[in-house]
Amino acid sequence: MQLTQFTDYSLRVLIYLARLPQPGMATVPEIASHFGISRNHLVKVVNNLATRGFIMTSRGKGGGMQLARPAATIGIGEVVRVTEPHMNLVECFDPKANQCRIVRGCALKGFLYEARRSFLAVLDRYSLAEAAQTGLDRLHSIENGAPDSP
């Protein structure tokens, strides 16, 4: 399974914002430059994140964006679900486009549905706050008894 670039950029923006000192604001050009990604594409990502309630934006001098709620309350699975509209692993997941000739006698579809549920269940265990931890922060939390992530 591969997440779309849109989801990748959405997660990057949220992690960047979560790592800002509080209260922190960032701009599209700042984040685009930091990650070396297209400003135009990032504008679409930011608009979607704002529409979905993950970030707040303000225009004008001193404007920018910030998280709309604490990073610990934003689930990674939640973000992936809203940025990956279909998550169709195979053709038969999409009834409108399905041309598979063995769909009626195939057990694979059920296995793949289960795998997708498991994938999202793992992501649901983690918050943006955890994803935003730097390597050193993560090492300290593991040393202090937090479960090691795969």
Residue pair [X] / [Y], side-chain heavy-atom distance below 4.5 Å:
X: Val79; Y: Leu128; result: no
X: Leu20; Y: Met25; result: no
X: His86; Y: Thr4; result: no

Listed partners of Ala68 passing side chain to side chain contact (heavy atoms under 4.5 Å, CB included), at least two apart: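 If we apply the side chain to side chain contact (heavy atoms under 4.5 Å, CB included) test to Ala68, skipping adjacent residues, the hits are Met56.
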Minimal non-hydrogen separation, [X] against [Y], with atom names:
X: Val82; Y: Arg52; answer: O-NH2, 3.7 Å
X: Ile76; Y: Ala131; answer: CD1-CB, 3.8 Å
X: Ala18; Y: Ala71; answer: CB-CB, 3.9 Å
X: Ala26; Y: Leu17; answer: CB-CD2, 3.7 Å

Acceptor/donor pairs from residues 27-48 side chains to any protein atom, 3.5 angstrom cut, sequence neighbours excluded:
unit_1	atom_1	unit_2	atom_2	d
Thr27	OG1	Glu30	N	3.2
Glu30	OE1	Thr27	N	3.4
Glu30	OE2	Tyr16	OH	2.5
Ser38	OG	Asn40	N	3.3
Ser38	OG	His41	N	3.1

Residues in side-chain hydrogen bond (donor to acceptor under 3.5 Å, both in side chains) contact with [X], at least two apart in sequence or another chain:
X: Arg12; value: Asp8
X: Thr83; value: Thr7
X: Thr73; value: Arg69

Residue pairs passing the ring pair (Phe, Tyr, Trp, His ring centres under 6.0 Å) test where at least one lies in residues 42-80, sequence neighbours excluded: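 Ring pair (Phe, Tyr, Trp, His ring centres under 6.0 Å) check on residues 42-80 returns no pairs.
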